[in-house]
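The sequence lines fix the lettering, A, B, ..., with proteins before strands; numbering per chain opens at 1.
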There are 2 protein chains.
Amino acid sequence: MMDPKTKALFEARAQVMKALAHPTRLFVVDELSRGERCVNELQQMIGSDMSTVSKHLSIMKTAGIIADEKRGNQVFYSLLVPCVMNFFGCVESVLQIKARQTTELLG
Amino acid sequence: MMDPKTKALFEARAQVMKALAHPTRLFVVDELSRGERCVNELQQMIGSDMSTVSKHLSIMKTAGIIADEKRGNQVFYSLLVPCVMNFFGCVESVLQIKARQTTELLG
DNA sequence: GGGCTGTTTGGCAACATAGCCAAATAGCAA
DNA sequence: TTGCTATTTGGCTATGTTGCCAAACAGCCC
């Protein structure tokens with residue numbers, strides 16, 4: 001039945017994964033892996049409303065993935081946990097498997 | 001503005017991450033990393049309704065993370081992409097950062 | 001102070017997800 | 001065929017997420 005401690009652990013982990021489970025947020029992670037960026041820069045690259053971008057950043061900040069630093073009237077974000085970049089390689093191999101499955105399906 | 005190809009890539013990646021962004025599904029991945037399990041076994045460990053477990057499995061199968069194999073009247077699931085196990089260590093370090101942040105906040 | 005730029009927050013409507021129940025399906029054995 | 005076990009699917013409601021707009025807030029310069 002999964003004891004409460006174990007359950008809490010998997011819930012905490014899921015919370016972090018959720019914070020990464022959005023295309024925009026994955027893009028931000030990728031971008032921040034190359035250095036800090038201010039919200040304005042990210043917003044220009046992403047193209048969504050500024051408030052939308054800000055909320056995405058807030059989600060990842062709360063999750064502990066990124067950090068913010070105010071300088072003047074700008075806020076710079078940086079990647080706290082570079083190891084998340086290692087996810088991409090593995091995710092790519094999942095995508096390959098999926099692609100292979102689709103190919104098989106189509107014969 | 002992010003060109004369509006790049007956008008599609010991050011959307012595909014997010015789809016895989018989403019399939020992992022749930023405590024039950026992370027538990028299943030962890031369990032399957034120790035060997036194949038049938039739905040019934042997983043259901044017993046998880047404690048949710050059988051249909052709920054089945055749907056979680058279906059989501060991960062569609063994502064390309066796990067595979068199913070029918071033997072007799074049972075269906076056995078196995079982990080297709082063991083590298084997802086490497087996520088846990090990194091997620092743990094995110095959780096540590098979050099814990100440290102909380103500690104600081106409380107003084 | 002007022003006006004400007006940059007960012008966050010609140011609110012809301014659209015959409016997606018989760019989990020339960022009930023019903024359907026599949027395999028096996030009598 | 002019937003009956004039994006194992007699993008999936010459909011349908012529903014409750015809950016969570018997303019993204020926009022508008023409003024608030026913060027820092028700077030006049």
Side-chain angles (χ1 to χ4, degrees), chain A residues 1-2 7-8 10-29 31-32 36-63 65-78 101 105, chain B residues 1-2 7-8 10-29 31-32 36-63 65-78 101 105:
Chain A
M1 266 298 210
M2 203 164 10
K7 208 179 153 194
F10 281 104
E11 263 160 22
R13 284 177 177 175
Q15 210 51 45
V16 176
M17 295 301 284
K18 267 195 212 177
L20 289 167
H22 190 287
T24 299
R25 299 201 284 267
L26 289 179
F27 173 83
V28 168
V29 165
E31 192 54 36
L32 294 186
E36 60 172 28
R37 302 279 186 271
C38 73
V39 186
N40 189 37
E41 286 174 305
L42 293 169
Q43 189 270 327
Q44 301 243 338
M45 297 186 243
I46 293 162
S48 313
D49 193 273
M50 176 71 95
S51 71
T52 300
V53 174
S54 176
K55 274 174 188 173
H56 282 305
L57 292 168
S58 157
I59 287 166
M60 289 196 284
K61 186 188 153 188
T62 304
I65 297 163
I66 61 176
D68 63 337
E69 192 192 331
K70 191 155 212 164
R71 288 208 290 281
N73 55 353
Q74 286 176 303
V75 179
F76 290 85
Y77 280 87
S78 58
Q101 284 172 349
L105 225 97
Chain B
M1 268 297 210
M2 202 160 15
K7 208 180 153 192
F10 281 103
E11 262 159 23
R13 285 178 177 175
Q15 210 50 45
V16 176
M17 296 300 285
K18 267 195 213 177
L20 289 167
H22 190 287
T24 299
R25 299 199 287 266
L26 289 179
F27 173 83
V28 169
V29 165
E31 193 54 35
L32 294 187
E36 62 173 25
R37 301 280 185 270
C38 73
V39 186
N40 189 37
E41 286 174 306
L42 293 168
Q43 190 268 329
Q44 302 243 339
M45 298 186 243
I46 293 161
S48 312
D49 192 273
M50 177 70 98
S51 70
T52 301
V53 174
S54 177
K55 275 175 189 173
H56 282 304
L57 292 168
S58 158
I59 288 166
M60 289 197 283
K61 186 189 154 188
T62 304
I65 296 162
I66 62 176
D68 63 337
E69 192 193 332
K70 190 155 213 164
R71 287 209 290 281
N73 55 354
Q74 285 177 303
V75 178
F76 290 85
Y77 280 88
S78 58
Q101 284 171 350
L105 225 98

Original post:
Between the side chain of B/S54 and the main-chain N/O of B/M50, is any donor-acceptor distance below 3.5 Å?
Top reply: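 No, the answer is negative, given that no donor and acceptor are paired below the 3.5 Å cut-off.
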**OP:** Kindly say whether A/C38 contributes a backbone atom to a donor-acceptor pair with the side chain of A/E41 at under 3.5 angstrom?
**Re:**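 Checking the backbone N and O of A/C38 against the side chain of A/E41, a donor-acceptor pair under 3.5 Å is found.
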Rounded to whole angstrom units, what separation is found between the [atom1] atom of [X] and the [atom2] atom of [N]?
X: B/R37; N: D/dT7; atom1: CZ; atom2: P; value: 14 Å
X: B/M50; N: D/dT5; atom1: CE; atom2: P; value: 12 Å
X: B/R71; N: D/dT7; atom1: CZ; atom2: P; value: 11 Å
X: B/F76; N: D/dT5; atom1: CZ; atom2: C1'; value: 13 Å
X: B/K70; N: D/dA6; atom1: NZ; atom2: P; value: 13 Å
X: A/M17; N: D/dG16; atom1: CE; atom2: C1'; value: 18 Å
X: A/M60; N: D/dT17; atom1: CE; atom2: P; value: 15 Å
X: B/D49; N: D/dT9; atom1: CG; atom2: P; value: 15 Å

Original post:
Could you go step by step and tell me if B/E36 and B/R71 meet the salt bridge (Lys or Arg N to Asp or Glu O under 4.0 Å) rule?
Top reply: CA-CA 12 Å; B/E36 62 173 25; B/R71 287 209 290 281; 2.4 Å; yes
Original post:
Within the pair A/H56 and D/dG19, is there a side-chain N or O less than 4.0 Å away from OP1 or OP2?
Top reply: yes
Original post:
Distance check: side-chain N/O of B/Y77 vs OP1/OP2 of D/dT8, anything under 4.0 Å?
Top reply: yes
Original post:
Hey, which of these two, A/T24 or B/V75, hits DNA chain D nearer its 5' end, going by closest nucleotide?
Top reply: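 Final value for this comparison: B/V75.
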Original post:
Is A/S51 touching bases, backbone alone, or none of the nucleic acid, heavy atoms closer than 4.0 Å?
Top reply: base
**OP:** Using a 4.0 Å heavy-atom cut-off across all strands, classify B/L42 as base, sugar-phosphate, or nothing.
**Re:**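 Touches nothing.
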Subject >> Closest heavy-atom pair and its distance - B/I65, B/A19 >> reply: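 The answer is CD1-CB, 3.7 Å.
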**OP:** Select from A/D68 and B/A21 the residue whose nearest nucleotide in DNA chain C is closer to the 5' end of that strand.
**Re:**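 Nearest nucleotide further toward 5': that of A/D68.
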Original post:
What about B/K18, does its side chain sit under 3.5 Å from the base of D/dG16 through a donor-acceptor pair?
Top reply: no
Subject >> Minimum-distance nucleotide to B/K55 side chain [options: D/dG11, D/dA22, D/dT18] >> reply: D/dG11
**OP:** Could you please name the option among D/dG19, D/dT7, D/dT8 that lies closest to any side-chain atom of A/H22?
**Re:** D/dG19
Original post:
When rounded to the nearest 0.5 angstrom, what is the spacing between OG in A/S51 and NE2 in A/H56?
Top reply: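 A/S51 atom OG to A/H56 atom NE2 measures 9.5 Å (nearest 0.5 Å).
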Original post:
Just the endpoints, please: which first and last nucleotides of DNA chain C, 5' to 3', lie under 4.0 Å from a heavy atom of chain B?
Top reply: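 Range of nucleotides touched by chain B: C/dT17 to C/dC28.
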Original post:
Hey, what's the ring geometry for B/F10 with A/F27, parallel, tilted or perpendicular (30° and 60° as the breaks)?
Top reply: perpendicular
**OP:** Please confirm whether B/R37 makes a cation-pi placement over B/F76, using NZ or CZ under 6.0 Å from the six-membered ring centre and within 45° of the ring normal.
**Re:** no
